[in-house]
Amino acid sequence: MHVLILGGTTEARRLAEILPGRVRVTSSLAGRVAQPRLPAGEVRIGGFGGAEGLAQWLRAHNVDALIDATHPFAGTISFHAAAAAAETHVPLLALRRPGWVAAEGDDWRPAASLQEAAALLPGLGQRVFLTTGRMGLAAFADLAEPWFLVRSVDAPEPPHPPRMQVLLDRGPFTLDGERELLARHRIDVMVTKDSGGAATAPKLAAAREAGLPVVVVQRPPVPPGVPVAATPDEAAGWLAQLPLSG
């Protein structure tokens, strides 16, 4: 059985590790991170050329199952995967970690997009901890007044906010570390995507303790009709039920 995992997440790497040896695993990474953490098994890096290119790859490499374990906000590839799977009749599963749930004391402000998040900021604070990744900074580029602390794995490129300090770092992060960071930079508002997972969740607890408002960008939906697993174990169980798994 040949499984293609559209990866780049912790869950994708874990799934590649736990699949039995009789399963051939190929993990595909987008190539947006300079030094990605490579999963077990075969790895390819780079795009496919849209849904049709992915469909051609599935056929050419005799893929029996496709698992979309990309970041919850990598919406375009998820729809390409759905279209390619439908065209090739390859079973498709979306592996998505559950989103975060607000706790007592949280001051979350939902936003439907990065642009909506940027529109909310002027009334919330002047020193912004921006943890939405380096790819979406253009949405905040016109905000001249706030100062931004931008945390990302790789250095961002323009356009980006004019008043900005970049912190290159990669999770997981600790609660003590996040408390210290908010205090040292005198942060008064945070912006994050609802990525879910434990690796970056401590920033939310630190913001709660400090009484900070948090603008939370809501994740895009999974394409209609695509089944969803919440954990790598659930995804492995789904694979085991496919006719070709034996």
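Computed from a predicted structure; not experimentally measured.
For the atom pair CD (Gln165) and CZ (Phe148), the distance works out to 13.5 Å, reported to the nearest 0.5 Å. Between the CE atom of Met135 and the CG atom of Asp154 there is a distance of 10.0 Å, given to the nearest 0.5 Å. Atom-to-atom distance recorded for Arg170:CZ and Thr200:OG1 is 13.5 Å, nearest 0.5 angstrom. Rounding to the nearest 0.5 Å gives a distance of 9.0 Å between CZ of Arg208 and CG of Leu175. Here Phe140 contributes atom CZ and Leu114 contributes atom CG; the two are 5.0 Å apart, rounded to the nearest 0.5 Å. The distance from the CG atom of Leu204 to the CD atom of Glu209 is 11.5 Å, given to the nearest 0.5 Å.
Between Val222 and Phe79 there is no side-chain heavy-atom pair separated by less than 4.5 Å. Side-chain contact between Ser78 and Thr70: present, with at least one pair of heavy atoms (C-beta onward) separated by less than 4.5 Å. Counting heavy atoms from C-beta on, the side chains of Met1 and Arg22 never come closer than 4.5 Å. In this structure the side chain of Val214 never reaches within 4.5 angstrom of the side chain of Asp107, judged on heavy atoms. Counting heavy atoms from C-beta on, the side chains of Val189 and Pro213 come closer than 4.5 Å. With a 4.5 Å cut-off on side-chain heavy atoms, Phe48 and Gln56 do not count as touching. Put simply, the side chain of Val128 reaches to within 4.5 Å of the side chain of Leu121, judged on heavy atoms.
A salt bridge links Arg14 with Glu17: the distance from a Lys NZ or Arg NE/NH1/NH2 to an Asp or Glu carboxylate oxygen falls below 4.0 Å. The residues Glu116 and Arg109 are annotated as not salt-bridged, no charged nitrogen and carboxylate oxygen being separated by less than 4.0 angstrom. Look at Lys203 and Glu178 and you find no salt bridge, because none of the NZ, NE, NH1 or NH2 atoms lies under 4.0 Å from a carboxylate O. Taking a cutoff of 4.0 Å between a charged side-chain nitrogen and a carboxylate oxygen, Glu157 and Arg134 do not qualify as a salt bridge. Asp68 and Arg96 are joined by a salt bridge, as a carboxylate oxygen and a charged side-chain nitrogen come within less than 4.0 angstrom of each other. A salt bridge does not link Arg186 to Asp188: none of the charged side-chain nitrogens sits closer than 4.0 Å to a carboxylate oxygen.
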inquiry  = With side-chain contact (heavy atoms from CB on, under 4.5 Å) as the criterion, how do Leu58 and Leu4 come out once you've worked through the C-alpha distance, each side chain's angles and the decisive distance to 0.1 Å?
reply    = CA-CA 8 Å; Leu58 296 176; Leu4 175 62; 3.7 Å; yes
task = Quick one: do Leu29 and Leu38 satisfy side-chain contact (heavy atoms from CB on, under 4.5 Å)? Show the steps, please.
result = CA-CA 9 Å; Leu29 309 181; Leu38 297 180; 3.8 Å; yes
task = Check the pair Leu167 / Leu181 against side-chain contact (heavy atoms from CB on, under 4.5 Å), numbers first and verdict last.
result = CA-CA 10 Å; Leu167 175 62; Leu181 183 146; 3.4 Å; yes
message = Please evaluate residues Glu87 and Glu52 with respect to the criterion side-chain contact (heavy atoms from CB on, under 4.5 Å), reporting the C-alpha separation (whole Å), side-chain torsions for both, the decisive distance (0.1 Å), and the verdict.
response = CA-CA 9 Å; Glu87 180 179 336; Glu52 184 55 39; 3.1 Å; yes
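Without hydrogens or angle criteria, Arg179 side chain to Ala206 main chain gives no donor-acceptor distance under 3.5 Å. Although no hydrogens or angles enter the test, the distance criterion places a donor-acceptor pair under 3.5 Å between the side chain of Trp100 and the main chain of Gly197. Side-chain N or O atoms of Ser152 include none that pairs as donor or acceptor with a backbone N or O of Ala155 at under 3.5 Å. One N or O on the side chain of Gln218 and one on the backbone of Val216 form a donor-acceptor pair closer than 3.5 Å. Using a distance-only test at 3.5 Å, with no hydrogens or angles considered, a donor-acceptor pair links the side chain of Arg127 to the main chain of His185. The main-chain N or O of Ala230 is never found under 3.5 Å from a side-chain atom of Arg97 such that the two would form a donor-acceptor pair. Under the 3.5 Å distance criterion, the side-chain polar atoms of His71 are matched with a main-chain donor or acceptor of Phe73. In this structure, Thr131 contributes its side chain and Val191 its backbone to a donor-acceptor pair below 3.5 Å.
One side chain, Thr26 or His2, offers a donor N or O that lies under 3.5 Å from an acceptor on the other. At a cut-off of 3.5 Å, with distance as the only test, a side-chain donor of Arg44 or Ser28 sits close to an acceptor on the other residue.
Closest of all the heavy-atom pairs between Ala236 and Leu19 is CB-CD2, 4.0 Å. Of all heavy-atom pairs between Ala118 and Ala139, the closest is CB-O, 3.3 Å. What you find for Ala12 and Ala69 is that their closest heavy atoms are CB-CB, 3.7 Å. In plain terms, the two heavy atoms of Asp194 and Gly99 that are nearest each other are OD1-CA, 3.5 Å. In terms of heavy atoms, Pro110 sits closest to Leu120 at O-CD1, 3.9 Å. When all heavy atoms of Ile77 and Ala74 are compared, the pair lying nearest together is CG2-O, 3.1 Å.
Hydrophobic cluster membership differs between Leu54 and Ile45, with clusters built from Ile, Leu, Val, Met, Phe, Trp and Tyr side chains linked at under 4.5 angstrom. The cluster map of Ile, Leu, Val, Met, Phe, Trp and Tyr, joined by side-chain heavy atoms under 4.5 Å apart, puts Leu124 and Ile187 in different clusters. Leu242 is not connected to Leu92 by any chain of hydrophobic side-chain contacts under 4.5 Å among Ile, Leu, Val, Met, Phe, Trp and Tyr, and they are in different clusters. No single ILVMFWY cluster, assembled from side-chain heavy atoms under 4.5 Å apart, contains both Phe129 and Val153. No path of Ile, Leu, Val, Met, Phe, Trp and Tyr side chains, each step under 4.5 Å between heavy atoms, connects Met190 with Leu143, placing them in separate hydrophobic clusters.
Under the side-chain contact (heavy atoms from CB on, under 4.5 Å) test applied with Val3, the options Leu239, Leu66, Val63, Asp64 reduce to a single match, Leu239. Partner Leu15 forms a side-chain contact (heavy atoms from CB on, under 4.5 Å) with one of Asp233, Ile67, Thr9, Thr231 and no other, that one being Ile67. With Leu130 as reference, Leu137 is the one residue of Leu149, Val215, Leu137 to meet the side-chain contact (heavy atoms from CB on, under 4.5 Å) rule.
By the 6.0 Å and 45° rule, Arg151 stacks over the aromatic ring of Phe173.
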